[in-house]
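Notes for the one structure printed next.
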Amino acid sequence: MSSTSYMDFVGIDSRIERVESLLCIGSLDVRIVGIWGMGGIGKTTIAKAVFKRNLAQFESYHFFANVREESEKHGSLHLQSELLSKICGKGNFNRRTPNFGFTYATSRLSRKKALIVLDDVNSSMQLQELLVDSRHLFGQGSKIIVTSRDRQVLKNGVDEIYEVERLDHDEALQLFSVNAFNQNHPFQEFMQLSKSVIYYAKGNPLALKVLGCFLCEKRKQEWEIALNELRRTSNVGIKNILRLSYDGLETEDKEIFLDIACFFKGEDVYFVEKILDGCGFYVDLGINVLIDKSLITISNNKLWMHEMLQEMGWEIVQEESIEEPGNRSRLWHHEDVYHVLTKNSDLVKLKRIDLSYSEYLIRIPDLSNAKELESLNLKWCSNLVEGPSSIQKLNKLEYLNLESCKNLSCLPSTIASTLVKTFNLVGCSNLKKFPEIAGNVEELFLNNTGLEVVPSSIGCLTKLVSLYLTSCKKLRSLPSDICKLKCLRMLNLCGCSNLDSFPEIWEPMEGLKYLYLANCRKLSCLPNSIGNLKNLTELDLKGTMIKELPSSIEHLTGLDQLDLQKCKNVGSLPDGICNLKSLRNLNLYGSPNLDKLPENLCNLESLEELDISGSAIKQLPSSIIQLKNLAKLLFRVQDSAGLLQIPTALDRLSSLNMLVLSGNNFETLPASIELLPHLCTLDVAYCRRLRSLPELPGSLEFLYAQECTSLETVLNSKHFSEIDYMHESRNFKRFAFTNCIKMDQKTCRSILIDTEKRIQVVAAASDQLYNEMGSVKIHLPGSEIPLWFHNQNMGSSVSTQLHSRCSQLRGIALCVVLEFEDCYADRGLIVRCKCHFKPNNGGCSDLNFNLDNWLEWYYKSTPFKSDHLFVWDDPCFEANIVDEDWFGKYSEASFEFFPLDFEENLLQDCKVKKCGVHLLLHERIASRNYNSDEEEEPFPKRLKCLQD
């Protein structure tokens, strides 16, 4: 790994190697190493680099970011539960209330070799509860990294402490230049100025990066002004340098920066943009400016900033009034808020208050003199009983969040601010009365409240865009005045289980695009006036008691998605539904009384996905083959029902990429299936009358043929070993033939020869492919390891000697024969291969390869009825990307296979009968004619073998 992989930290290589040596990577010891240093010195960057470089060697791994912040919000016990959940799988692992889940988790943890990073730990208690008390629970070879600014925190909890060195002069100049000049060195005329600037950064990467971005593209005169500013500051610290960049921002950008520092770090970008847009800011532009200045970053669509920059932001706000917090523009710290609200402080300048997660807060004191207050966040104040009456007087209030205030039973009679645009009452389960709000609100979240009725006054919210009433289980009806909401785009009533009617739409609602009524279990009909929703694009009726669609449905000409999933009372569809020219997705899954589709189905010219699984349909309309945009056709059936014949001209569905026909009664598929150029998934599982499969298209990636108990022949695919360089993801194939016990020997041999050829062809092309997944996973009945696996053995393990001339590994082909006892029932199957590569100088380094679940989730458990052969390959992608020459450093390799269930418990009624491996090396693959009529015999020249 080169330094250029981590441009924000020049000179990282030596630091990574030092941490790895302290961790004793490759040893069986459980090691905890602390990374210590000042803020901005690169602790997190080093930890991330070590983590990414080594995670392939561990069975489980997790990078736990922002431990300090998360602990302050939720407590250390919550973090411990989350850590166990991430490492062991989902579950409730709370040590405060010992239960089976925690005991089970710790038992699993002791069997796992884990790599864990705890970033930004700031108290010994956090470390004690998260690691020290649980150290004995980690499996052999586990490694843990802890970063902290406080050496004392680390002293009693880790084995070794690595102090991060400051960047030396050359490294500092290079990092500064990358950000100031977009190259590794300064422009000649800026050389002396650059050296003067980096003197003040004292080798701190964060300071160098922020300074570089601040001075980028500035004139020499501006550089000199900045330098003079630094010289005038006695005892220049890192925050003084960061402050220089902040001071250079425009006023509006400063406000956005302070809001992110105080309230929105870690929040969704879209959410923050919506709130700050309401303040009149040009948020898009402001956020881009802050990113360009390296003051914030966006990761996974969330806003982040370095803790030192956040602390600087806090200090800037605190400086507005050192002695009196009430005179500051923002309040977020609970002690400051408590002081302000209990001392009758002057709140004239206060703009934002964040009291989220104040679980002991029962009431809010008078806020009426906070005339400038724009945002009030009371999220998860679970003991708050009533909303503050003073909010009636807050005329500048724009954002009010009372989410998950579970004991909140009443609000002020009116909320008068005309500026409130977002009002969040999600989870206020004791709130029974609809709030009276001024007409400018745009988003109203009332999910999981105790509302029984929506008043007709809702029609006054003329600017309402989104209304969420999901899971309001006491709500019975909506007023017809709802059609007065001309701006409404989203109406979500999912899970309103007592809603038994939908109002007439007497006036056009041009804005409404999304109407969600899923799981309104008492809703049995829609008014015919639903056709007035001319611009509706999504209509979700799944799980309702709807018996039929109104004939006016044909007027919803903009409808894109119609979901009738599990509408068990629907017996037919109106012919007019085929006039929906824009319809792309029609979901009829789980409609057992639906026995036919309209004959004019071909008129749905935009239809891309059709799901009729679980219906009573016996024959597809002949016009279905005219649906040229149809990409997914799903018709899963059970209980020996379904289709006897598939349309012959299947190739006319030229856009089809997924065809699911599992459980149907046909005996063959039409030969035209080979001509489907985009078909990716074919599912014919449980088609127990299916006797043969024709030639399949080269685009096919997934073939599910489980329990095709009459299947005898599968035509040899001339496409199977083809490589798609345009769509690299298509180079992975997964074929399942569970319990296809009638397949003849010629078919089985042909499948295995094709599998060998594919593995080797893809391995030979690995320089030209981005291959993380391998090339194939295939299984079928059988009890013999193919002879081309030159290293094979009885039982669950096999080993081989490595030659020094074997330089680069392209991957490993793996094979097992599994023997199942009669009592075996599928609980999900994982076959793990634990690989031990022994280096020339002693020691051991482990790599792990998993064979994932083969069986699909939507069927009942099916036992394997005989021995089955599993063949797959692993490209060793993670190992090769870290060090292309890693393989040449080893002299011996051993492989051990374990059959596990989905909870990673060792299966007792299934065992590895035989196993084999084949190392795919860099040497050139020899050509060969693969003929399924021949008996299989060893062919060591196909890929250079280790045994010659």
Side-chain angles (χ1 to χ4, degrees), residues 39 66-75 120 122-123 126 149-150 239 242-243 246 254-267 272 275-276 279 303 305-391 393-394 396-405 424:
N66 304 312
V67 170
R68 173 170 55 93
E69 282 186 42
E70 294 298 311
S71 180
E72 288 171 0
K73 275 187 180 179
H74 306 293
D120 193 22
N122 74 327
S123 85
Q126 292 165 4
R149 289 194 225 170
D150 190 339
K239 285 180 183 172
L242 303 179
R243 180 67 179 260
Y246 169 83
K254 288 179 179 178
E255 292 294 307
I256 294 173
F257 174 83
L258 294 178
D259 281 338
I260 294 171
C262 296
F263 304 111
F264 300 129
K265 179 181 173 183
E267 295 287 356
V272 176
I275 292 176
L276 296 183
C279 302
L303 288 169
M305 66 169 53
H306 194 280
E307 63 267 19
M308 285 201 70
L309 290 164
Q310 184 177 37
E311 289 167 8
M312 180 189 74
W314 293 345
E315 290 173 4
I316 291 169
V317 174
Q318 289 163 352
E319 287 168 6
E320 295 172 354
S321 177
I322 301 296
E323 300 297 330
E324 180 48 64
N327 289 332
R328 300 171 190 164
S329 61
R330 297 159 177 84
L331 286 180
W332 66 93
H333 195 277
H334 63 278
E335 291 180 357
D336 290 338
V337 176
Y338 181 79
H339 170 85
V340 167
L341 297 182
T342 57
K343 302 296 182 183
N344 296 316
S345 300
D346 184 3
L347 306 177
V348 174
K349 295 182 179 179
L350 189 61
K351 291 185 176 181
R352 306 195 190 288
I353 300 179
D354 187 349
L355 282 164
S356 56
Y357 300 96
S358 301
E359 57 181 310
Y360 300 112
L361 185 68
I362 297 173
R363 65 182 183 84
I364 303 292
D366 185 18
L367 294 172
S368 55
N369 64 341
K371 303 296 186 183
E372 301 296 315
L373 194 67
E374 298 173 354
S375 173
L376 178 58
N377 188 357
L378 299 167
K379 179 179 179 180
W380 276 100
C381 295
S382 52
N383 284 302
L384 187 67
V385 175
E386 59 180 305
S389 59
S390 54
I391 62 175
K393 302 175 182 178
L394 302 178
K396 292 192 176 181
L397 194 67
E398 298 170 358
Y399 173 73
L400 179 58
N401 189 348
L402 289 155
E403 180 181 346
S404 297
C405 294
N424 191 340

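Predicted, not measured: the structure shown is a model, and the values here were computed from it.
Taking each heavy atom of Leu361 and Cys381 in turn, the nearest pair found is CD2-SG, 4.0 Å. Of all heavy-atom pairs between Cys405 and Leu378, the closest is SG-O, 3.2 Å. Between Leu384 and Ile362, the closest heavy-atom pair is CD1-O, 3.2 Å. Pairing each heavy atom of Tyr399 with each of Ser375, the nearest pair is CD2-OG, 3.3 Å. Taking both residues in full, the closest heavy atoms of Val317 and Ser329 are given as CG1-OG, 4.3 Å, listed atom of the first, atom of the second, then distance. Between Ser368 and Ser390 the shortest heavy-atom distance is N-CB, 3.6 Å.
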Test log, rule side chain to side chain contact (heavy atoms under 4.5 Å, CB included), inputs Ile275 and Asp259 = CA-CA 10 Å; Ile275 292 176; Asp259 281 338; over 6 Å; no
request  = Test side chain to side chain contact (heavy atoms under 4.5 Å, CB included) on Lys254 and Ile316 and set out the steps.
outcome  = CA-CA 10 Å; Lys254 288 179 179 178; Ile316 291 169; over 6 Å; no
inquiry  = For a side chain to side chain contact (heavy atoms under 4.5 Å, CB included) check, start with the C-alpha distance between Gln310 and Glu69, then their side-chain angles and the critical distance, and finish with the verdict.
reply    = CA-CA 12 Å; Gln310 184 177 37; Glu69 282 186 42; 3.4 Å; yes
task = Walk me through it: do Leu309 and Leu242 pass the test side chain to side chain contact (heavy atoms under 4.5 Å, CB included)?
result = CA-CA 7 Å; Leu309 290 164; Leu242 303 179; 3.8 Å; yes
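Atom NE2 of His306 and atom CD of Glu311 lie 9.0 Å apart (nearest 0.5 Å). Note: Leu347 CG to Leu373 CG = 8.5 Å, rounded to the nearest 0.5 Å. The structure places CG of Leu402 at 7.0 Å from CD1 of Ile391, a figure rounded to the nearest 0.5 Å. Note that the CG atom of Leu394 and the CG atom of Asn369 stand 9.5 Å from one another [nearest 0.5 Å]. The CD1 atom of Ile353 sits 11.5 Å away from atom CG of Asp336, with the distance rounded to the nearest 0.5 Å.
By the 4.5 Å heavy-atom criterion applied to side chains, Leu367 and Leu376 are counted as neighbours. Side-chain atoms of Cys262 and Asp354, non-hydrogen and from C-beta on, never get closer than 4.5 Å to each other. Within the 4.5 Å cutoff, no side-chain heavy atoms of Gln318 are placed close to those of His333.
Below 30°, between 30° and 60°, or above 60°: for Tyr246 and Phe257 the angle between ring planes is between 30° and 60°, a tilted geometry.
Few gaps surround OH on Tyr357; more than 12 heavy atoms of other groups in view lie less than 6.0 Å from it.
A salt bridge is defined here as a Lys NZ or Arg NE, NH1 or NH2 lying under 4.0 Å from an Asp or Glu carboxylate O, and Arg68 with Glu307 fails to meet this definition. Ion pairing between Glu255 and Arg330 holds under the 4.0 Å rule for side-chain N and carboxylate O. A salt bridge between Lys396 and Glu372 is present, with a side-chain N of the basic residue lying under 4.0 Å from a carboxylate O of the acidic one. For Glu319 and Lys239, the salt-bridge test fails: no basic side-chain N is under 4.0 Å from an acidic carboxylate O.
Checking side-chain atoms of Ser356 against main-chain N and O of Lys379 turns up no donor-acceptor pair under 3.5 Å. Between the side chain of Arg328 and the backbone N or O of Glu320, no donor-acceptor pair lies under 3.5 Å. A donor-acceptor pair under 3.5 Å links the side-chain atoms of Asn383 to the main chain of Glu359, judged by distance alone.
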